[in-house]
Trainee: 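Input: one structure, supplied below.
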Amino acid sequence: MSKSLKIISIMTSALSGCFLLIRRGRMEVRVRYAPSPTGLQHIGGVRTALFNYFFARSSGGKFILRVEDTDRERYSDESLDDLYQTLDWLGIKWDEGPVVGGPCGPYIQSERFELYKKYAEQLVKDGKAYYCYCSPERLEKLRAEQVASKSEYQGYDRHCANLTDEQRAEYERQGIKPVIRLKVPTEGKTTFHDILMGDITRRNRDVSPDPILLKSDGFPTYHLANVIDDHLMGITHIMRAQEWIPSGPLHILLYEAFGWEPPVYCHLPMVMGKDGQKLSKRHGSTSLRDFREKGYLPEAIINYVTLVGWSLDGSTEFFSKEELEKCFKIENIHKAPGVFDYKKLDWFNGYYIRACENSRLEELVLPYLIKAGYIGSEPGSDELELVKKLVPAAKERMKVLSDIVPLSAFIFVDEPVVDASVYCAKGSDAEKTLSALKNGAEILLSGLKDGKANEKIEEELVALSTELGVKVNGVFQPLRVAITNSTVSLPLFDSIALLGLDETKKRIDRAIRILEAKNE
RNA sequence: GGUCCCUUCGUCUAAUGGUUAGGACAGGAGAUUCUCAGUCUCUAAAUAGGGGUUCGAUUCCCCUAGGGACUACCA
């Protein structure tokens, strides 16, 4: 297909898309998530995606994914992969966009390359924009001077706003590739409406003067591509982070220059770190990949992230994706920025892990055990059996899936505690500890061999503690340290079941030897 | 510097003119006859400050303070 044909097809498909909207009688909600694939998907972006997605679903509209890959300097394939993977992992499906297509495609801006140029040139023809030949060096110098002089007026000095034909021809002869800049009016003011914030007005003289629409490489800047695509794709509501508020008036100016009706705006409160600054790497993990790798569940991320800057009624905490698809309301979005609380996310994640079906949890936990080298990369049936026993015992102790590794380490890595004092519980002494270990082992091992119920054995151990004149833990602690090599562990009977009787006996005998050597 | 936005417990938030200002996380105390976790109970903790309007302001208006964002051939 030739380039011009392709443009025509884009334009007509956009038209038919719009026609579809109108034909439904009532204006259908169409929102979009339009990330730039220049890095990994992070919490802030995902929250924007979620809000758009839930708003679309709850209002019976369409959720569109658009890839804004106009910055070829920072673009990476990895980022694009990560975008798809992340949305897929979260279970967010887009109605129109890359891969699935749609009536307003293509949905990847680099594939619409020629389109933007055409619109930008039209603006020049209409006298709404102009070619600028200023070098980056000159602009850099200009900026440095403005900063140094603390000038109230900052930005481009409109050096090329009124070039004569001769001047232009001369620049062209020199082979300078121009950019196209929008003529921002110096008089008057521009207002846009935000659902949350109300009307936001800015004097045109305060709008950053004459922003670049088309770069010298022929790619559009964000402002141009964004406005054109939002219009052609029939976007009705723009939900994006509040950091975009300052460019709102500029976008309105662009819509006016084109003679288009601007959509409704809804600027989302930002997600901050503990120090009140925009959330970033130095606050902790921000990329979804990080969270996925550490073992956060998608339902926990969705639940918690949605609750930063949104609430249903102030008391409902747990929301499934499906529930949010029904009850999400744009009016319940907050104005004020919110701090991302890692602890609360942990709490949600622990909750969702506990709510998880054991069979699913077994599968989720497997990669972590494999990565730790605890089980083979293709686990055998005995290994799977072990995991099956491990999961219910470890489940309510996990905040993230990777917690399975420290919780189960005692099974796979045997590093005995050689410090005798560790075996001794508070209120006990070396002699009683050794005695508790010996007698306790006897009760435990023979009881288990005879198939006695755990509760029965536990009773006998408690009786032993009374006999020795120590607290219950005075009996359990030496056994626990002997068996799990730690004062903190899974419950004793679970630990033994995971280890097997032979290994348990071996470890207890060893501990007895350690304590005896010490007591001599 | 300029422009714009924001302001209820430490954190996420509920209450929009009349409540002992509610819930949750985190914190503290206790219970659960094994540690840890979990669960349960209890507890401490807020309307940024100052002016108005009003019989009455968390809620409406103004000012101040604090915080944030933007001010690129990045989005």
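Note that these values count all heavy atoms, side chains included, but never hydrogens, waters or copies made by symmetry.
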Trainee: Reckon A/Val308 touches a base, only the sugar-phosphate, or nothing at all at heavy-atom distances under 4.0 Å?
Mentor: sugar-phosphate

Trainee: Would you measure the distance from the P atom in B/rU7 across to the matching atom in B/rU47 and give it in whole Å?
Mentor: 16 Å

Trainee: Salt bridge or not for A/Glu460 and A/Lys456, using N-O below 4.0 Å?
Mentor: yes

Trainee: Can you tell me the distance, in whole Å, between the CD1 atom of A/Ile176 and the P atom of B/rC73?
Mentor: 16 Å

Trainee: Do any side-chain nitrogens or oxygens of A/Thr70 fall under 4.0 Å of OP1 or OP2 in B/rA75?
Mentor: yes

Trainee: What's the gap between B/rG22 and B/rA44 when it is taken at their C1' atoms, as a whole Å value?
Mentor: 16 Å

Trainee: Between B/rU3 and B/rU64, how far apart are the two P atoms, rounded to whole Å?
Mentor: 13 Å

Trainee: Roughly how far apart, to the nearest Å, are B/rA24 and B/rA14 at atom C1'?
Mentor: 11 Å

Trainee: Reading RNA chain B from 5' onward, which residue's closest nucleotide shows up sooner: A/Pro35 or A/Val339?
Mentor: A/Val339

Trainee: Which whole-number value in Å describes the distance from A/Phe192 CZ to B/rC4 P?
Mentor: 12 Å

Trainee: Strictly below 4.0 Å, N to O, side chains only: are A/Asp71 and A/Arg74 in salt-bridge contact?
Mentor: yes

Trainee: Distance check, P atoms only: B/rC25 and B/rC61, in whole angstrom units.
Mentor: 34 Å

Trainee: Below 4.0 angstrom from OP1 or OP2 of B/rC73, is there any side-chain N or O of A/Arg143?
Mentor: yes

Trainee: Measure CG/A/Leu214 against P/B/rA72 and give the value in whole Å, please.
Mentor: 19 Å

Trainee: Using a 4.0 Å heavy-atom cut-off, does A/Gly248 contact any base of the nucleic acid, only the sugar-phosphate backbone, or nothing at all?
Mentor: nothing

Trainee: So does A/Lys344 get a side-chain nitrogen or oxygen closer than 4.0 Å to the phosphate oxygens (OP1/OP2) of B/rC12?
Mentor: no

Trainee: Among residues at least two apart in sequence or on other chains, which ones pass ring pair (Phe, Tyr, Trp, His ring centres under 6.0 Å) with A/Phe55?
Mentor: A/His237

Trainee: Do A/Tyr352 and A/Trp347 have ring centroids that are under 6.0 Å from one another?
Mentor: no

Trainee: Expressed as a whole number of angstroms, how long is the span from A/Asn226:CG to B/rA75:P?
Mentor: 10 Å

Trainee: Would you mind building the protein contact string for nucleotides 63-70 of chain B? One character per nucleotide, 5' to 3', B for base within reach (heavy atoms under 4.0 Å), S for sugar-phosphate only, - for untouched.
Mentor: -----SSS

Trainee: Without decimals, in angstroms, what is the distance between A/Glu331 CD and B/rU13 P?
Mentor: 17 Å

Trainee: Testing the 3.5 Å rule here: is there a donor-acceptor pair between the side chains of A/Ser489 and A/Ser486?
Mentor: no

Trainee: Would you mind pulling out the nucleotide paired to B/rU59, Watson-Crick or G-U wobble, both distances under 3.5 Å?
Mentor: none

Trainee: Could you tell me if the ring centre of A/Phe348 sits under 6.0 Å from that of A/Phe318?
Mentor: yes

Trainee: Under 4.0 Å, counting only non-hydrogen atoms across every strand here, what does A/Ser216 touch: a base, just sugar-phosphate, or nothing?
Mentor: base

Trainee: When you compare B/rU59 with B/rG18, how far apart are their P atoms, in angstrom units rounded to a whole number?
Mentor: 11 Å

Trainee: Taking OP1 and OP2 of B/rA14, is either one under 4.0 Å from a side-chain nitrogen or oxygen of A/Ser311?
Mentor: yes

Trainee: Among residues at least two apart in sequence or on other chains, which ones pass ring pair (Phe, Tyr, Trp, His ring centres under 6.0 Å) with A/Tyr33?
Mentor: none

Trainee: Expressed as a whole number of angstroms, how long is the span from A/Gln146:CD to B/rU3:C1'?
Mentor: 15 Å

Trainee: Can you build the contact string for nucleotides 33-39 of chain B? Use B for base contact, S for sugar-phosphate-only contact, and - for no protein heavy atom under 4.0 Å.
Mentor: SBBBBSS

Trainee: Please list all pairs passing the salt bridge (Lys or Arg N to Asp or Glu O under 4.0 Å) test where one or both residues lie in residues 277-287 of chain A, with sequence neighbours left out.
Mentor: A/Glu243-A/Lys278, A/Asp275-A/Arg282

Trainee: Using atom P in both nucleotides, what's the gap between B/rA15 and B/rC60 to the nearest angstrom?
Mentor: 13 Å

Trainee: How are the rings of A/Tyr342 and A/Phe340 set relative to one another: parallel (under 30°), tilted (30 to 60°) or perpendicular (over 60°)?
Mentor: perpendicular

Trainee: Please give the distance between the C1' atoms of B/rG1 and B/rG27 as a whole number of Å.
Mentor: 42 Å

Trainee: Do A/Asn358 and A/Lys395 have a side chain donor and acceptor closer than 3.5 Å?
Mentor: yes

Trainee: Within less than 4.0 Å of OP1 or OP2 of B/rA24, is there a side-chain N or O belonging to A/Lys343?
Mentor: no

Trainee: Using only side-chain N and O atoms of A/His334, determine if any of them is under 4.0 Å from OP1 or OP2 of B/rA14.
Mentor: yes

Trainee: Counting only Watson-Crick or G-U wobble pairs whose two distances fall under 3.5 Å, which nucleotide matches B/rU19?
Mentor: none

Trainee: Could I get the full list of ring pair (Phe, Tyr, Trp, His ring centres under 6.0 Å) partners for A/Tyr107, not counting sequence neighbours?
Mentor: none

Trainee: Is the charged tip of A/Arg181 near the ring of A/Tyr156: under 6.0 Å from the six-membered ring centre and within 45° of its axis?
Mentor: yes

Trainee: With heavy atoms under 4.0 Å as the rule, sort A/His267 into base, sugar-phosphate or nothing.
Mentor: nothing

Trainee: Does the structure show a Watson-Crick or G-U wobble partner for B/rU8, both distances under 3.5 Å? Name it, or say none.
Mentor: none

Trainee: Whom does B/rC70 pair with, Watson-Crick or G-U wobble, provided both distances fall under 3.5 Å?
Mentor: B/rG2

Trainee: What is the distance, to the nearest angstrom, from the CG atom on A/Leu312 to the P atom on B/rA24?
Mentor: 16 Å

Trainee: Send over the distance from A/Asn349 CG to B/rC12 C1', rounded to a whole Å.
Mentor: 17 Å

Trainee: Could you please name the partner base of B/rA37, counting Watson-Crick and G-U wobble pairs only when both distances are under 3.5 Å?
Mentor: none

Trainee: Suppose we define a pair by two distances each less than 3.5 Å, Watson-Crick or G-U wobble; what does B/rG27 pair with here?
Mentor: B/rU43

Trainee: At under 4.0 Å between heavy atoms, what does A/Thr316 touch on the DNA or RNA strands: base, sugar-phosphate, or nothing?
Mentor: nothing

